[in-house]
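Input: a single structure, listed below in structure tokens.
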Amino acid sequence: MSTFQAPKGVSEYVPPRSAAFLAARDAFAAAAARAGYSYLELPVFEDTQLFARGVGESTDVVNKEMYTFTDRGDRSITLRPEITAGALRSVLEHNLHRGALPVKIWAVGPVFRYEQPQSGRYRQFYQVDLEALGSQDPAIDAETIALAWDYYRELGLRRTALHLNTLGDAECRPAYRASLQAFLRGLDLDSDTRRRVELNPLRVLDDKRPEVIAQLGDAPLIADHLCAACKAHYDRVRELLADLDIPWTENPRLVRGLDYYTRTLFEFDHPLLGAQSGIGGGGRYDGLSQTIGGPPLPGIGFGLGLDRTVLAMEAERVPAVAGTAVQVYGVALGDQAAREVFKLVTGLRRAGIAADQGFGGRSMKAGMKGADRSGAAYALILGERDLAAGSVQLKDLAAGEQIAVPLTDIVDVLKRKLSS
Ligand code: HAM
């Protein structure tokens, strides 16, 4: 250990665990590409106001959790506490919304929230984020939900559960909000929660404290206040999900920690993750573009926590993902042989074969130990005598059999063996 340790609460991945992280990220890239989503590479910091306005001044994320600082040019900068606002900012700035709609994009990277660290909750964590902009078709809601659902299945997760709700829109939400507020004002709540009732009453439905939950039994539900358009939208989303055999739990109290949501809202839970069981979530945000000064541009999307996804893979004992195991490992004895093995190993890589070698001019025994540890199927062993004969020893490490192969043929021989 050095004098330094990682800052409190960051998540980081080292081998062998990092292989699962990479697999989770790459599987998402493939799933997004398959569904026609293009990649965005975004900055990890933005103008603080983007989040204050976009995510919402009344949220914990903005009030308590942002990493905000003044840069040397006196600008207020914030490390992104989520990806959606920045993704939308970028789409608008680059005029992607002037082309064909919907604009379908995804991004991945670190996200920062100053939270109390615990298992599955970090101050720097990783999200994959996917957004579809410019369509109010409920089919796009169902597409994004199905994409996340199928992604978890493809990773090998079997126990992810989907929770669904709708939040209504500018048409029906105000009346619901008022009736919820009237109900909440009659409860026995502490002053912080009372303040929340005035600012963001829907969030109170999400309170996890038993003394609050106990009083919410008769709270009015949005489902009973939806306008006809929101109801039709939600019915269609559910119809399409049912057509895909995707099961969900209706959760009329589901609200999420960000202010921009309208209509469809969803969350993915994993039962083996304890307190931090939310492995992903998202929803529609038809007003966000205008909130950040853009044109009307409806949107829907989600963010999935890669850290929690990896924890879920471990909890479900999804078979270990192959790390950087190579297929072939070179062992050289003597200086001249080392020079040849170096060339051979690079040649194998150029031919698309994963190969590694021992370094440091070690003994045969140390070299073979390295070969075993590498996970390679074959070792290439080269001594001065082999070199003189123009051949190399090819050892099948599982079977223990060894044959001499002419140096000039070895790449082809290995190609054949590895593809059979
Ligand atoms: P979110 O629910 O705040 O949504 O975050 C998405 C996911 O990030 C969560 O479900 C969770 O898995 C993970 N996550 C959140 N906080 C932490 C943390 N402190 N440590 C580890 N993982 C965490 C959003 O961020 C929205 N931008 C999602 C979205 C996209 N909605 C529409 N489009």
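In this text, all values refer to a predicted model and were calculated from it rather than measured experimentally. When a residue number appears, it is its place in the shown sequence, counting from 1. Whatever order the structure lists ligands and atoms in, that order sets their numbers, starting from 1.
The side-chain heavy atoms of D150 and L244, taken from C-beta on, include no pair separated by under 4.5 Å.
Within the structure, salt bridge (charged side-chain N to carboxylate O under 4.0 Å, His left out) pairs that include any residue of residues 7-31 comprise R17-E314 (at least two apart or interchain). Sorted by first and then second residue, the ring pair (Phe, Tyr, Trp, His ring centres under 6.0 Å) pairs with a member in residues 58-105 read Y67-Y114; sequence neighbours excluded.
Between F112 and F45, the ring centre distance reaches or exceeds 6.0 Å.
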Output side-chain donor-acceptor pairs under 3.5 Å for residues 261-275, partner residues at least two apart or in another chain, one line each.
residue	atom	partner	partner atom	Å
Y261	OH	R256	NH2	3.0
T262	OG1	D286	N	3.0
R263	NH1	H233	ND1	3.4
R263	NH2	D169	OD2	3.4
T264	OG1	D141	OD2	2.6
E267	OE2	R256	NH1	2.7
H270	ND1	L272	N	3.2
H270	NE2	E316	OE2	2.7

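Around ligand 1, the residues contributing at least one heavy atom under 4.0 Å from the ligand are E82, T84, R113, E115, G120, R121, Y122, F125, Q127, D129, E131, R256, L258, Y260, Y261, G278, I279, G280, G281, G282, G283, Y285, G301, F302, G303, G305, R308.
Remark: E46 CD to S90 OG distance equals 8.0 Å, nearest 0.5 Å.
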